Amino acid sequence: MTENGLKILVVDDESIVIRSCEIVLKGAGYHMEGALGGREAILKMEKERYDLVFTDLKMPEVDGITLIRWLRNSRPDTGIVILTGYPSQDTIKEALGLGIIDYVPKPFTPAVLLDVTRRAVQWLETRKPGAFAISAEMSSPAEPVRDDFPPAMAAELDKVIAHYKHIPGSLIPVLQRAQEMIGWLPVAALKRVSKGMNIPAAEVHSVVSFYSFFTMKPRGDHNIRVCLGTACYVKRAEEILRNLKEGLGIGVGEVTPDRKFSLEEVRCLGACGLAPVVVVDHDTFGGIDPKNSMEIVEKYR
Ligand code: FES
C-alpha cells in the first residue's frame, strides 16, 4: 500500500474541517474526499472503497459512533481515526473498543494531522501478518524485572492477564490497567503481557508505541503536562514549558532526580477555552501567566 494509492474519507458536518483536511492531505499527496456527515459517508462507501476514514463524532442523523459500528460490520478492513473536539475518556474508550486507530483532537495543526495520518497508514500496513518490527529493546534477552516494577505489581498484573487472556481484542485494556498500576510501561511489563496473553512481543510494542496515552518512560509522583496545542501556543505556552524546564531542572520526557515530578508536552487537552493549560496529575490549571508556572508545581512538593 503506498500513500498515493491510499484513499481517505474525511467525515465531518463542518465543511471548514473537510476543506482544511483537503488542503493538508491533498497537499501531501494523499487521495482524499469528504462527506458532510455519517449518512453521506455511508452512501459514498457503498459505491467506493476507502482505506482510511477520519470521522467526527458529533454529527446530526448518523453520528460518528454509529458510523464506526457500521464500518466495523460492513467494511472491517477500513482504518478509522476519530476527529473530534472534546472527547471524553468514555467516548475514547468506546471508540477504542470498536477498533479505532487513533484520534485527532480539534483544533489540529497540519503537522498533527499529517503525523496521525502517517501513523495510521503504518498501522494499516502492519496489520499484515509478520510485518511488525521488533525493536532492539524488546528483543534483548533476559530483561530483569526492575525495581520500579515490584513483584507485588507483577502478581497483580498476572491476575489482570488471567482475567482478559481469553477475551479477544483485550490487549489495550490490559495495557491500560498495567499503566494504571505501574505508572508507565516498562519493557519487563510488556514482556509479561506478551507472554501471558500469548501475543507477539512486537505486536504489544507496536500498540504501545502507537497510542500516545501509553508511555514507556517512567513518570514522577506528579506528572505535569503542558499543552502546546494551537490555542495554548498562541498564549505563550512555550514560555510556560521553558520556565518549568528551568525550575525543575529537567527536559520533556524526564523525571526529577527525587522522582517527584515528570514533564510532558501534549498537543491539546480539550480545554482550549482555558488556554494556556497545564495539567498536574488530574488537576487542570488554565489561564496561566508564564511567570507563575512554578507556583503551580510548588503546591505538589
Ligand atoms: S490547545 Fe486545546 S487545551 Fe491547549
Side-chain angles (χ1 to χ4, degrees), residues 10-21 23-25 54-59 64 81-96 100-120 179 210-215 217 219-220 222-248 250-254 261-297 299-300:
V10 174
V11 188
D12 201 297
D13 56 340
E14 291 179 89
S15 55
I16 181 76
V17 173
I18 294 178
R19 183 73 195 117
S20 307
C21 290
I23 292 167
V24 175
L25 295 177
F54 284 80
T55 180
D56 187 16
L57 289 179
K58 284 189 184 165
M59 296 182 289
V81 172
I82 57 175
L83 194 62
T84 190
Y86 301 98
S88 71
Q89 204 56 29
D90 287 346
T91 309
I92 293 290
K93 270 189 191 159
E94 185 178 2
L96 281 173
I100 65 156
I101 299 174
D102 202 351
Y103 77 97
V104 181
K106 289 190 216 167
F108 51 83
T109 61
V112 165
L113 180 63
L114 285 174
D115 182 42
V116 173
T117 306
R118 265 192 295 269
R119 284 188 288 140
Q179 184 162 293
F210 189 80
Y211 290 106
S212 54
F213 50 76
F214 288 131
T215 177
K217 288 188 181 156
R219 285 180 172 153
H222 301 289
N223 190 43
I224 305 161
R225 289 182 291 158
V226 181
C227 180
L228 292 185
T230 316
C232 292
Y233 191 85
V234 297
K235 294 200 172 173
R236 302 163 66 201
E238 237 188 1
E239 241 177 286
I240 295 175
L241 182 63
R242 191 168 57 240
N243 291 348
L244 287 172
K245 280 186 191 167
E246 283 173 13
L248 294 166
I250 56 171
V252 170
E254 293 178 355
F261 297 106
S262 46
L263 188 60
E264 286 179 11
E265 58 180 43
V266 291
R267 55 193 187 203
C268 180
L269 288 158
C272 309
L274 301 176
V277 177
V278 170
V279 170
V280 183
D281 302 332
H282 297 293
D283 305 331
T284 302
F285 298 88
I288 299 164
D289 183 334
K291 67 176 183 295
N292 299 333
S293 314
M294 275 306 288
E295 275 175 28
I296 295 165
V297 170
K299 294 178 193 159
Y300 294 82

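Computed from a predicted model, the values in this text were never measured in an experiment. Counting convention: from 1, in listed order, for ligands and their atoms alike.
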With a cutoff of 4.0 Å, is Ala275 in contact with ligand 1, counting heavy atoms of the residue only? no
For residues Ala237 and Cys227, report the shortest heavy-atom separation together with the two atoms involved. CB-O, 3.2 Å
With atoms numbered from 1 as shown, which atoms in ligand 1 lie under 4.0 angstrom from a non-hydrogen atom of Gly229? 1 (S)
Within Cys268, is some N, O or S atom less than 2.8 Å away from atom 2 (Fe) of ligand 1? yes
Closer than 4.0 Å to some heavy atom of Cys272 - which atoms of ligand 1 meet that? 1 (S), 2 (Fe), 3 (S)
Parallel, tilted or perpendicular for Phe261 and His222, by the 30°/60° rule? tilted
Within a distance under 4.0 Å of any heavy atom of Ala271, pick out the atoms of ligand 1 and give their elements. 3 (S)
With a cut-off of 2.8 Å, does Cys232 put an N/O/S atom close enough to atom 2 (Fe) of ligand 1? no
Testing the 3.5 Å rule here: is there a donor-acceptor pair between the side chains of Tyr300 and Asp283? yes
Gap separating the CD atom of Glu264 from the CZ atom of Arg219, nearest 0.5 angstrom: 4.0 Å
Hey, is atom 4 (Fe) of ligand 1 within less than 2.8 Å of some N/O/S atom on Cys227? yes
Side chain to side chain contact (heavy atoms under 4.5 Å, CB included) between Ile100 and Val81: does it pass, once the steps are laid out? CA-CA 6 Å; Ile100 65 156; Val81 172; over 6 Å; no
Near Ala231, which atoms of ligand 1 are under 4.0 Å from a heavy atom of that residue? 1 (S)
Applying side-chain contact (heavy atoms from CB on, under 4.5 Å) between Val278 and each of Val266, Leu241, Ile224, Val297, report the one that passes. Ile224
